[in-house]
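Note sheet for the following structure.
Only heavy atoms go into these numbers, but all of them, side chains included; no hydrogens, no water, no symmetry mates.
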Amino acid sequence: MTSPRHALSHLFAALLVLFTAGTPVLAQTPDMAAAFNAYTLGAGDSLRITVFGEEDLGGEYVVDGSGAVSLPLIGQVNAGGYTVPEFEGIIIEKLSDGYLRTPLVSVEVTNYRPFYIMGEVNSPGQYPYVTGMSVLNAVALAGGYTYRANESQVYIRRGGAEVEVTAPADPSTRIGPADIIRVGERFF
């Protein structure tokens, strides 16, 4: 004969499988850590561009909604989807094409796109991204969990993705700019 407590644990396990079926699980791998190190620029990123020896060609810029930056002499330059070193190379190439002999260019991200957090947190909304953020950092910025929150996992829709994935709510789960984090309710 099964005890009521044992039966309840089986019921809980069955409900957990039922409610999470079809939800992809995010596994943190070394490749994912490398992907975050290879940050790609996107709309809303603020950049400081320096062209050494040519102060008039540098300055503070924001990547526009189409993913481009309008620079002196060379005009609209697509930045969206490129890493910082790749974008530096594009600017060098364009400046080398009839404007400067050997341009030296530095690009720095001064302000990243925000991330979003919703669900069972005290202050859902948009927050500024900081390099190396984890899910726990995001929850802390949002005022912590509500009393109904499932504190063991979250759902993340990576910037630009159409599908959200399940991830553990611990320091190993990194987030990126433009990610949407949803904290669900616990069942018991």
Side-chain angles (χ1 to χ4, degrees), residues 24 26-118 121 123-142 154-165 167 171-182:
L26 177 66
Q28 293 290 108
T29 65
D31 293 337
M32 289 182 73
F36 281 111
N37 291 335
Y39 175 75
T40 56
L41 300 171
D45 283 333
S46 296
L47 307 174
R48 179 178 300 123
I49 300 174
T50 306
V51 180
F52 295 99
E54 302 291 336
E55 286 76 30
D56 294 342
L57 298 181
E60 302 280 330
Y61 300 91
V62 176
V63 180
D64 68 19
S66 67
V69 175
S70 183
L71 299 172
L73 291 182
I74 56 178
Q76 290 285 106
V77 180
N78 189 26
Y82 292 108
T83 64
V84 170
E86 290 170 339
F87 185 55
E88 286 174 349
I90 292 169
I91 295 171
I92 289 170
E93 181 181 314
K94 290 188 179 285
L95 286 173
S96 295
D97 190 20
Y99 297 106
L100 299 174
R101 257 198 194 128
T102 54
L104 296 174
V105 176
S106 171
V107 176
E108 175 188 2
V109 179
T110 57
N111 198 13
Y112 294 94
R113 299 183 300 276
F115 71 91
Y116 306 87
I117 187 165
M118 60 186 181
V121 291
S123 298
Q126 170 183 313
Y127 291 92
Y129 172 77
V130 178
T131 304
M133 286 189 78
S134 72
V135 167
L136 293 183
N137 299 129
V139 170
L141 278 175
V154 294
Y155 304 95
I156 301 176
R157 183 171 298 188
R158 297 287 180 201
E162 294 184 21
V163 178
E164 71 180 11
V165 294
S172 71
T173 302
R174 298 287 176 205
I175 63 163
D179 282 358
I180 300 172
I181 304 160
R182 182 172 58 88

(request) Check whether any side-chain heavy atom of Y129 sits under 4.5 Å from a side-chain heavy atom of D179, and report yes or no. (result) no

(request) Give the minimum heavy-atom separation between A178 and R113, together with the two atoms involved. (result) CB-NE, 3.9 Å

(message) Which heavy atom of A138 sits nearest to which heavy atom of M133, and what is that distance?
(response) N-CE, 3.9 Å

(request) Drop me the distance from S134's OG to R174's CZ, to the nearest 0.5 angstrom. (result) 5.5 Å

Please output the side-chain donor-acceptor pairs of residues 58-68 that fall under 3.5 Å, not counting sequence neighbours, one pair per line with the distance.
unit_1 : atom_1 : unit_2 : atom_2 : d
E60    : OE2    : R48    : NE     : 2.7
E60    : OE2    : R48    : NH2    : 3.4
Y61    : OH     : G58    : O      : 3.4
D64    : OD1    : S66    : N      : 3.0
D64    : OD1    : S66    : OG     : 2.7
D64    : OD1    : G67    : N      : 3.1
D64    : OD1    : A68    : N      : 2.9

(message) Testing the basics here: between A79 and L41, what is the closest heavy-atom pair and its distance to 0.1 Å?
(response) O-CB, 3.5 Å

(request) Just jot down the ring-ring contact (aromatic ring centres under 6.0 Å, His included) partners of Y116, sequence neighbours excluded, or say none. (result) none

(message) With heavy-atom distances below 4.5 Å as the criterion, would you say the side chains of L104 and V51 are in contact?
(response) no

(message) I'd like to know if the side chain of S46 and the backbone of T110 have a donor-acceptor N/O pair within less than 3.5 Å.
(response) no

(message) Minimum heavy-atom separation for L141 and P128, please, with both atom names.
(response) CD1-O, 4.3 Å

(request) Report the distance from atom CD1 of I175 to atom CZ of R158, rounding to the nearest 0.5 Å. (result) 8.0 Å

(message) Checking T131 now: which residues fulfil side-chain hydrogen bond (donor to acceptor under 3.5 Å, both in side chains) with it, not counting sequence neighbours?
(response) Y112

(request) Start with the C-alpha gap between L73 and L100, add the side-chain angles, then the distance that decides, and say whether side-chain contact (heavy atoms from CB on, under 4.5 Å) holds. (result) CA-CA 10 Å; L73 291 182; L100 299 174; 5.6 Å; no

(message) Checking A142 now: which residues fulfil side-chain contact (heavy atoms from CB on, under 4.5 Å) with it, not counting sequence neighbours?
(response) I117, V121, Y127

(request) Heavy atoms only: give me the nearest V109-Y39 pair and the separation to one decimal. (result) CG2-CE2, 4.3 Å

(request) Among residues two or more places apart or on two chains, list those pairs meeting side chain to side chain donor-acceptor pair (under 3.5 Å) that have a residue in residues 82-104. (result) T83-E86

(message) Using side-chain heavy atoms (C-beta onward) and a distance below 4.5 Å, is L57 in contact with L71?
(response) no

(message) Less than 4.5 Å apart, side chain to side chain, heavy atoms only: is that true for F115 and N137?
(response) no

